[in-house]
Enquirer: 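Have a look at this one before I ask anything.
Atoms considered below: every heavy atom in the structure, side chains included; atoms not considered: hydrogens, waters and symmetry mates.
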Amino acid sequence: MTYSPDELLEHYRLMVLIRRFEEVLANIFSEGLIGGTSHFCVGQEACAVGGIAALGPGDLVTSNHRGHGHFLAKGGDTGRIMAELFGKATGYSAGRGGSQHMADFGIGFLGSNGITAGMIPVATGAALTQKLQRTGKAVLCFFGDGACGNGYFHEGVNMGAIWDLPIVYLIENNAYAMSTPVAQTFKIEGLSRRAEAYGIPGVTVDGNDYFAVREATQQAVQRAREGNGPTIVEARTYRHCGHSKSDKCEYRPEGELERWLARDPLGVMAERLLEAGTTQEQLAAAREQVEEEVAQAVEFARQSPEPDAGGVARGVFATAGLGQV
(Lines give C-alpha, C1' and ligand atoms only; values in the text may rest on other atoms or scores of the structure.)
Protein backbone atom coordinates (compact mmCIF):
# COMPACT_ATOMS: atom_id res chain seq x y z
CA MET A 1 0.00 0.00 0.00
CA THR A 2 1.29 3.45 -0.95
CA TYR A 3 1.21 6.36 1.48
CA SER A 4 1.97 10.05 1.02
CA PRO A 5 5.60 10.92 1.93
CA ASP A 6 4.35 14.00 3.79
CA GLU A 7 1.90 11.91 5.79
CA LEU A 8 4.58 9.39 6.71
CA LEU A 9 6.98 12.14 7.78
CA GLU A 10 4.23 13.60 9.97
CA HIS A 11 3.60 10.19 11.51
CA TYR A 12 7.32 9.82 12.21
CA ARG A 13 7.14 13.20 13.92
CA LEU A 14 4.19 11.98 16.00
CA MET A 15 6.16 8.91 17.08
CA VAL A 16 9.09 11.11 18.09
CA LEU A 17 6.67 13.44 19.90
CA ILE A 18 5.26 10.58 21.96
CA ARG A 19 8.77 9.37 22.85
CA ARG A 20 10.02 12.83 23.81
CA PHE A 21 6.85 13.70 25.74
CA GLU A 22 7.30 10.60 27.88
CA GLU A 23 11.03 11.14 28.40
CA VAL A 24 10.55 14.74 29.49
CA LEU A 25 7.64 13.72 31.71
CA ALA A 26 9.81 11.11 33.42
CA ASN A 27 12.41 13.79 34.18
CA ILE A 28 9.74 16.09 35.58
CA PHE A 29 8.54 13.34 37.92
CA SER A 30 12.10 12.76 39.11
CA GLU A 31 12.34 16.47 39.95
CA GLY A 32 9.29 16.15 42.18
CA LEU A 33 7.25 18.66 40.18
CA ILE A 34 4.32 16.28 39.63
CA GLY A 35 2.59 14.05 42.16
CA GLY A 36 1.03 10.64 41.72
CA THR A 37 2.29 8.16 39.17
CA SER A 38 2.41 7.60 35.43
CA HIS A 39 2.79 4.70 33.01
CA PHE A 40 5.03 5.52 30.05
CA CYS A 41 4.70 4.01 26.57
CA VAL A 42 8.34 4.43 25.50
CA GLY A 43 8.94 1.75 22.87
CA GLN A 44 5.29 1.35 21.88
CA GLU A 45 4.96 4.37 19.59
CA ALA A 46 4.35 2.39 16.40
CA CYS A 47 1.26 0.79 17.93
CA ALA A 48 -0.36 4.12 18.76
CA VAL A 49 0.51 5.98 15.55
CA GLY A 50 0.16 3.02 13.19
CA GLY A 51 -3.14 1.92 14.67
CA ILE A 52 -4.73 5.36 14.67
CA ALA A 53 -3.41 6.08 11.17
CA ALA A 54 -5.78 3.36 9.97
CA LEU A 55 -8.85 5.30 11.13
CA GLY A 56 -11.02 7.87 9.45
CA PRO A 57 -11.47 11.38 10.92
CA GLY A 58 -14.74 10.51 12.69
CA ASP A 59 -13.69 7.15 14.12
CA LEU A 60 -13.34 6.67 17.86
CA VAL A 61 -10.53 5.49 20.14
CA THR A 62 -10.40 4.19 23.69
CA SER A 63 -7.19 3.89 25.66
CA ASN A 64 -5.85 2.44 28.91
CA HIS A 65 -3.58 3.42 31.81
CA ARG A 66 -0.64 3.76 29.38
CA GLY A 67 -2.48 6.23 27.23
CA HIS A 68 -0.50 9.42 26.56
CA GLY A 69 0.69 8.10 23.20
CA HIS A 70 -2.80 7.17 22.04
CA PHE A 71 -4.09 10.62 22.96
CA LEU A 72 -1.27 12.41 21.16
CA ALA A 73 -1.65 10.19 18.09
CA LYS A 74 -5.38 10.96 17.95
CA GLY A 75 -4.65 14.67 17.89
CA GLY A 76 -4.68 15.62 21.56
CA ASP A 77 -3.19 18.99 22.46
CA THR A 78 0.31 18.51 23.89
CA GLY A 79 0.03 21.50 26.23
CA ARG A 80 -3.34 20.52 27.66
CA ILE A 81 -2.20 16.94 28.29
CA MET A 82 0.89 18.21 30.07
CA ALA A 83 -1.20 20.69 32.05
CA GLU A 84 -3.47 17.90 33.23
CA LEU A 85 -0.45 15.96 34.45
CA PHE A 86 0.64 19.08 36.35
CA GLY A 87 -2.85 19.23 37.89
CA LYS A 88 -3.60 22.60 36.31
CA ALA A 89 -6.97 24.14 35.42
CA THR A 90 -6.10 24.22 31.70
CA GLY A 91 -5.76 20.42 31.56
CA TYR A 92 -8.26 18.20 29.80
CA SER A 93 -9.92 17.30 33.10
CA ALA A 94 -9.30 20.69 34.70
CA GLY A 95 -6.49 19.18 36.75
CA ARG A 96 -8.68 16.53 38.40
CA GLY A 97 -8.03 13.45 36.30
CA GLY A 98 -4.28 13.24 35.96
CA SER A 99 -2.44 10.76 33.80
CA GLN A 100 -5.11 8.07 33.50
CA HIS A 101 -8.34 10.04 33.18
CA MET A 102 -8.37 12.33 30.16
CA ALA A 103 -10.69 12.49 27.16
CA ASP A 104 -11.62 14.71 24.23
CA PHE A 105 -14.88 13.68 22.60
CA GLY A 106 -14.41 16.39 19.98
CA ILE A 107 -11.56 14.46 18.35
CA GLY A 108 -13.03 11.03 19.05
CA PHE A 109 -10.78 10.15 21.97
CA LEU A 110 -13.19 8.59 24.46
CA GLY A 111 -10.63 8.42 27.23
CA SER A 112 -8.29 6.29 29.26
CA ASN A 113 -8.84 4.41 32.48
CA GLY A 114 -6.78 3.24 35.42
CA ILE A 115 -8.73 -0.04 35.67
CA THR A 116 -7.11 -2.88 33.74
CA ALA A 117 -9.40 -3.73 30.79
CA GLY A 118 -11.82 -1.10 32.05
CA MET A 119 -12.29 0.57 28.67
CA ILE A 120 -13.08 -2.62 26.72
CA PRO A 121 -16.77 -2.53 27.76
CA VAL A 122 -16.85 1.23 27.09
CA ALA A 123 -15.44 0.72 23.59
CA THR A 124 -17.89 -2.09 22.92
CA GLY A 125 -20.77 0.11 24.04
CA ALA A 126 -19.53 2.91 21.81
CA ALA A 127 -19.42 0.48 18.88
CA LEU A 128 -22.99 -0.62 19.63
CA THR A 129 -24.02 3.05 19.51
CA GLN A 130 -22.41 3.46 16.07
CA LYS A 131 -24.26 0.40 14.77
CA LEU A 132 -27.64 1.41 16.16
CA GLN A 133 -27.30 4.96 14.90
CA ARG A 134 -25.79 3.84 11.57
CA THR A 135 -23.04 6.42 11.75
CA GLY A 136 -20.55 4.41 9.68
CA LYS A 137 -17.90 5.02 12.33
CA ALA A 138 -15.58 2.38 13.76
CA VAL A 139 -14.03 2.09 17.23
CA LEU A 140 -10.40 1.20 17.95
CA CYS A 141 -9.90 -0.20 21.46
CA PHE A 142 -6.33 -0.28 22.82
CA PHE A 143 -5.37 -2.50 25.77
CA GLY A 144 -2.42 -4.57 26.95
CA ASP A 145 -1.72 -8.27 27.23
CA GLY A 146 -2.56 -8.19 30.94
CA ALA A 147 -6.11 -7.10 30.12
CA CYS A 148 -6.69 -10.31 28.17
CA GLY A 149 -6.90 -12.21 31.46
CA ASN A 150 -9.68 -9.99 32.76
CA GLY A 151 -13.37 -10.84 32.58
CA TYR A 152 -14.07 -7.52 30.88
CA PHE A 153 -12.12 -8.82 27.89
CA HIS A 154 -14.33 -11.87 27.49
CA GLU A 155 -17.57 -10.01 28.03
CA GLY A 156 -16.68 -7.14 25.73
CA VAL A 157 -15.22 -9.17 22.87
CA ASN A 158 -17.98 -11.76 23.04
CA MET A 159 -20.65 -9.05 22.81
CA GLY A 160 -18.80 -7.35 19.98
CA ALA A 161 -18.63 -10.65 18.10
CA ILE A 162 -22.22 -11.85 18.51
CA TRP A 163 -23.60 -8.46 17.49
CA ASP A 164 -21.10 -7.86 14.66
CA LEU A 165 -20.12 -4.51 16.10
CA PRO A 166 -17.81 -2.08 14.23
CA ILE A 167 -14.83 -2.40 16.55
CA VAL A 168 -11.17 -3.44 16.45
CA TYR A 169 -9.63 -4.83 19.64
CA LEU A 170 -5.91 -3.99 19.52
CA ILE A 171 -3.70 -5.79 22.04
CA GLU A 172 -0.40 -4.05 22.71
CA ASN A 173 1.49 -7.12 23.86
CA ASN A 174 4.57 -5.60 25.51
CA ALA A 175 5.66 -8.94 27.03
CA TYR A 176 4.75 -8.18 30.65
CA ALA A 177 1.64 -7.57 32.72
CA MET A 178 3.40 -5.40 35.28
CA SER A 179 6.20 -7.87 36.09
CA THR A 180 4.56 -11.12 34.95
CA PRO A 181 5.73 -12.54 31.60
CA VAL A 182 3.02 -13.37 29.06
CA ALA A 183 4.18 -17.01 28.93
CA GLN A 184 3.22 -17.44 32.60
CA THR A 185 -0.33 -16.18 32.12
CA PHE A 186 -1.42 -17.71 28.80
CA LYS A 187 -0.90 -21.24 27.50
CA ILE A 188 -1.29 -20.29 23.84
CA GLU A 189 1.38 -18.82 21.59
CA GLY A 190 -0.13 -15.68 20.14
CA LEU A 191 -2.91 -13.85 21.96
CA SER A 192 -4.71 -13.16 18.68
CA ARG A 193 -5.65 -16.86 18.65
CA ARG A 194 -8.20 -16.08 21.33
CA ALA A 195 -10.31 -14.67 18.52
CA GLU A 196 -11.10 -18.25 17.47
CA ALA A 197 -13.25 -18.70 20.58
CA TYR A 198 -15.47 -15.81 19.49
CA GLY A 199 -15.72 -16.72 15.82
CA ILE A 200 -13.88 -13.62 14.63
CA PRO A 201 -10.53 -13.07 12.86
CA GLY A 202 -7.31 -12.59 14.77
CA VAL A 203 -3.92 -11.49 13.51
CA THR A 204 -0.50 -10.99 15.13
CA VAL A 205 1.89 -8.38 13.75
CA ASP A 206 5.22 -6.73 14.55
CA GLY A 207 4.16 -3.98 16.94
CA ASN A 208 7.43 -2.10 16.40
CA ASP A 209 6.70 -1.72 12.68
CA TYR A 210 4.36 1.21 11.96
CA PHE A 211 3.48 -0.20 8.54
CA ALA A 212 2.61 -3.67 9.84
CA VAL A 213 0.35 -2.23 12.54
CA ARG A 214 -1.30 0.23 10.18
CA GLU A 215 -2.02 -2.29 7.43
CA ALA A 216 -3.44 -4.93 9.77
CA THR A 217 -5.60 -2.33 11.51
CA GLN A 218 -6.79 -0.90 8.18
CA GLN A 219 -8.04 -4.31 7.09
CA ALA A 220 -9.77 -4.79 10.43
CA VAL A 221 -11.37 -1.33 10.34
CA GLN A 222 -12.65 -1.90 6.82
CA ARG A 223 -14.16 -5.23 7.86
CA ALA A 224 -15.79 -3.60 10.88
CA ARG A 225 -17.14 -0.67 8.87
CA GLU A 226 -18.69 -3.03 6.32
CA GLY A 227 -20.75 -4.69 9.04
CA ASN A 228 -18.70 -7.86 9.36
CA GLY A 229 -17.82 -7.42 13.02
CA PRO A 230 -14.66 -7.18 15.13
CA THR A 231 -11.09 -8.32 14.66
CA ILE A 232 -8.46 -8.90 17.32
CA VAL A 233 -5.11 -7.41 16.30
CA GLU A 234 -2.14 -8.35 18.48
CA ALA A 235 0.82 -5.99 18.11
CA ARG A 236 3.93 -7.50 19.69
CA THR A 237 6.04 -4.72 21.14
CA TYR A 238 8.11 -3.91 24.21
CA ARG A 239 8.11 -1.11 26.74
CA HIS A 240 11.63 0.19 27.24
CA CYS A 241 10.81 1.44 30.72
CA GLY A 242 9.14 -0.11 33.73
CA HIS A 243 5.46 -0.68 34.25
CA SER A 244 5.27 2.62 36.11
CA LYS A 245 7.82 5.24 37.06
CA SER A 246 8.83 3.36 40.23
CA ASP A 247 9.48 0.04 38.46
CA LYS A 248 13.20 -0.84 38.23
CA CYS A 249 12.58 -3.80 35.85
CA GLU A 250 14.57 -6.23 38.01
CA TYR A 251 12.49 -9.12 36.66
CA ARG A 252 13.82 -8.81 33.10
CA PRO A 253 16.37 -11.34 31.84
CA GLU A 254 19.82 -9.99 31.04
CA GLY A 255 20.13 -8.78 27.46
CA GLU A 256 16.38 -8.72 26.75
CA LEU A 257 16.08 -4.94 26.60
CA GLU A 258 19.12 -4.65 24.34
CA ARG A 259 17.61 -7.13 21.86
CA TRP A 260 14.43 -5.09 21.66
CA LEU A 261 16.32 -1.79 21.38
CA ALA A 262 17.79 -3.12 18.15
CA ARG A 263 14.21 -3.00 16.83
CA ASP A 264 13.34 0.43 18.27
CA PRO A 265 10.18 1.56 16.43
CA LEU A 266 11.60 5.05 15.82
CA GLY A 267 14.69 3.59 14.21
CA VAL A 268 12.63 1.14 12.15
CA MET A 269 10.41 3.97 10.89
CA ALA A 270 13.33 6.29 10.12
CA GLU A 271 15.06 3.55 8.14
CA ARG A 272 11.95 2.90 6.04
CA LEU A 273 11.50 6.62 5.34
CA LEU A 274 15.13 7.04 4.28
CA GLU A 275 14.77 4.08 1.92
CA ALA A 276 11.69 5.80 0.41
CA GLY A 277 13.54 9.07 -0.24
CA THR A 278 13.07 11.12 2.92
CA THR A 279 16.27 12.98 3.79
CA GLN A 280 18.21 13.05 7.04
CA GLU A 281 17.58 16.80 7.12
CA GLN A 282 13.81 16.25 7.06
CA LEU A 283 14.02 13.78 9.93
CA ALA A 284 16.20 16.15 11.92
CA ALA A 285 13.76 19.01 11.30
CA ALA A 286 10.91 16.84 12.59
CA ARG A 287 12.87 16.09 15.75
CA GLU A 288 13.62 19.78 16.25
CA GLN A 289 9.92 20.60 15.93
CA VAL A 290 9.16 18.04 18.61
CA GLU A 291 11.72 19.51 21.01
CA GLU A 292 10.12 22.92 20.64
CA GLU A 293 6.58 21.57 20.99
CA VAL A 294 7.33 19.64 24.17
CA ALA A 295 9.25 22.59 25.66
CA GLN A 296 6.28 24.85 24.98
CA ALA A 297 3.92 22.29 26.52
CA VAL A 298 5.95 22.20 29.73
CA GLU A 299 6.05 25.99 29.90
CA PHE A 300 2.29 26.18 29.25
CA ALA A 301 1.71 23.74 32.11
CA ARG A 302 4.02 25.59 34.47
CA GLN A 303 2.35 28.94 33.78
CA SER A 304 -1.24 27.65 33.87
CA PRO A 305 -3.41 28.49 36.89
CA GLU A 306 -4.22 26.07 39.68
CA PRO A 307 -7.82 24.78 39.80
CA ASP A 308 -10.31 26.87 41.77
CA ALA A 309 -10.83 25.12 45.10
CA GLY A 310 -14.34 26.54 45.23
CA GLY A 311 -15.39 24.30 42.36
CA VAL A 312 -14.06 21.05 43.79
CA ALA A 313 -17.52 19.43 43.82
CA ARG A 314 -18.55 20.63 40.36
CA GLY A 315 -19.23 17.77 37.96
CA VAL A 316 -19.07 15.15 40.71
CA PHE A 317 -21.82 12.56 41.04
CA ALA A 318 -22.22 11.11 44.54
CA THR A 319 -24.35 8.11 45.57
CA ALA A 320 -25.74 6.87 48.89
CA GLY A 321 -28.44 9.49 48.96
CA LEU A 322 -26.12 12.44 48.55
CA GLY A 323 -27.44 13.20 45.09
CA GLN A 324 -25.74 15.10 42.31
CA VAL A 325 -23.63 18.11 43.24
Enquirer: Do the ring centers of H240 and F40 come within less than 6.0 Å of each other?
Expert: no
Enquirer: Would you confirm whether K74, through its side chain, and I107, through its main-chain N or O, come within 3.5 Å as a donor-acceptor pair?
Expert: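 Checking the backbone N and O of I107 against the side chain of K74, a donor-acceptor pair under 3.5 Å is found.
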Enquirer: Rounded to the nearest 0.5 Å, what separates atom OH in Y12 from atom CZ in R287?
Expert: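 Y12 OH to R287 CZ: 4.0 Å, rounded to 0.5 Å.
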Enquirer: Tell me whether Q282 contacts the main-chain N or O of T279 through its side chain, where contact means a donor paired with an acceptor under 3.5 Å.
Expert: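 Indeed, once roles are kept as given, a pair shorter than 3.5 Å links the two residues.
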Enquirer: Measure from the side-chain N and O atoms of S112 to the backbone N and O of H65, and report whether any donor-acceptor pair falls under 3.5 Å.
Expert: no
Enquirer: Taking atom types as modelled, is there a side-chain donor on E292 or Q296 under 3.5 Å from an acceptor on the other?
Expert: yes
Enquirer: Please confirm whether R272 makes a cation-pi placement over F211, using NZ or CZ under 6.0 Å from the six-membered ring centre and within 45° of the ring normal.
Expert: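 Because its charged atom sits under 6.0 Å from the ring centre and within 45° of the axis, R272 does stack over F211.
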Enquirer: N64 side chain to A117 main-chain N or O, any donor-acceptor pair under 3.5 Å?
Expert: no
Enquirer: Output every pair passing salt bridge (charged side-chain N to carboxylate O under 4.0 Å, His left out) with a member in residues 217-234, not counting sequence neighbours, ordered by first then second residue.
Expert: D59-R225, E234-R236
Enquirer: Both conditions, 6.0 Å and 45 degrees, for the charged tip of R214 above the ring of Y3: are they met here?
Expert: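 Ring-cation test returns yes.
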Enquirer: Looking at every non-hydrogen atom in both residues, tell me the closest pair between A216 and V203 and how far apart they are.
Expert: CB-CG1, 4.3 Å
Enquirer: Side chain of Y169, backbone of G156: donor and acceptor closer than 3.5 Å?
Expert: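 Yes, the answer is positive, given that a donor and an acceptor are paired below the 3.5 Å cut-off.
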Enquirer: Hey, are E22 and R239 close enough for a salt bridge, meaning a charged N less than 4.0 Å from a carboxylate O?
Expert: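 Salt bridge: no.
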Enquirer: Between K131 and W163, is there a donor-acceptor pair closer than 3.5 Å when you use the side chain of the first and the backbone of the second?
Expert: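 It does hold such a pair.
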Enquirer: If you take all heavy atoms of A235 and G207, which pair is closest and at what distance?
Expert: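 Looking at all heavy atoms of both residues, the closest pair is CB-CA, 3.7 Å.
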Enquirer: Strictly by ring pair (Phe, Tyr, Trp, His ring centres under 6.0 Å), give each pair with a member in residues 94-119 just once, sequence neighbours left out.
Expert: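 Sorted pair list: F71-F109.
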Enquirer: Give, for atom CD1 of I81 and atom CZ of F300, the distance between the pair rounded to the nearest 0.5 Å.
Expert: 11.5 Å
Enquirer: E256: which residues meet the salt bridge (charged side-chain N to carboxylate O under 4.0 Å, His left out) condition with it, sequence neighbours left out?
Expert: none
Enquirer: Where is the tightest heavy-atom contact between N174 and Q44, given as atom of each residue plus distance?
Expert: ND2-OE1, 2.9 Å
Enquirer: For T237 and N208, test the side chains for any donor-to-acceptor distance below 3.5 angstrom and give the result as yes or no.
Expert: yes
Enquirer: So which pairs with a foot in residues 86-104 pass salt bridge (charged side-chain N to carboxylate O under 4.0 Å, His left out), sequence neighbours left out?
Expert: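 Listed by first then second residue: nothing to list.
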Enquirer: Closer than 3.5 angstrom, by distance alone: can the side chain of D145 be matched with the main-chain N or O of V182 as a donor-acceptor pair?
Expert: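 Not confirmed, D145 side chain does not pair with V182 backbone.
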Enquirer: So, F143 versus Y152, ring centres under 6.0 angstrom or not?
Expert: no
Enquirer: Can you list every pair that meets salt bridge (charged side-chain N to carboxylate O under 4.0 Å, His left out) and has a residue in residues 24-49, with sequence neighbours left out?
Expert: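 Applying salt bridge (charged side-chain N to carboxylate O under 4.0 Å, His left out) to every pair that reaches into residues 24-49, excluding sequence neighbours, yields R19-E45.
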Enquirer: Between A73 and I18, what is the shortest heavy-atom contact and its length?
Expert: CB-CD1, 4.4 Å
Enquirer: What I want to check is whether the side chains of H39 and S99 have a donor and an acceptor closer together than 3.5 Å.
Expert: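 Short answer, no.
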Enquirer: Would you find a donor on one side and an acceptor on the other, under 3.5 Å apart, between the side chain of R66 and the backbone of H243?
Expert: yes
Enquirer: Not counting sequence neighbours, list each pair that qualifies as a salt bridge (charged side-chain N to carboxylate O under 4.0 Å, His left out) and has a residue in residues 76-87.
Expert: none
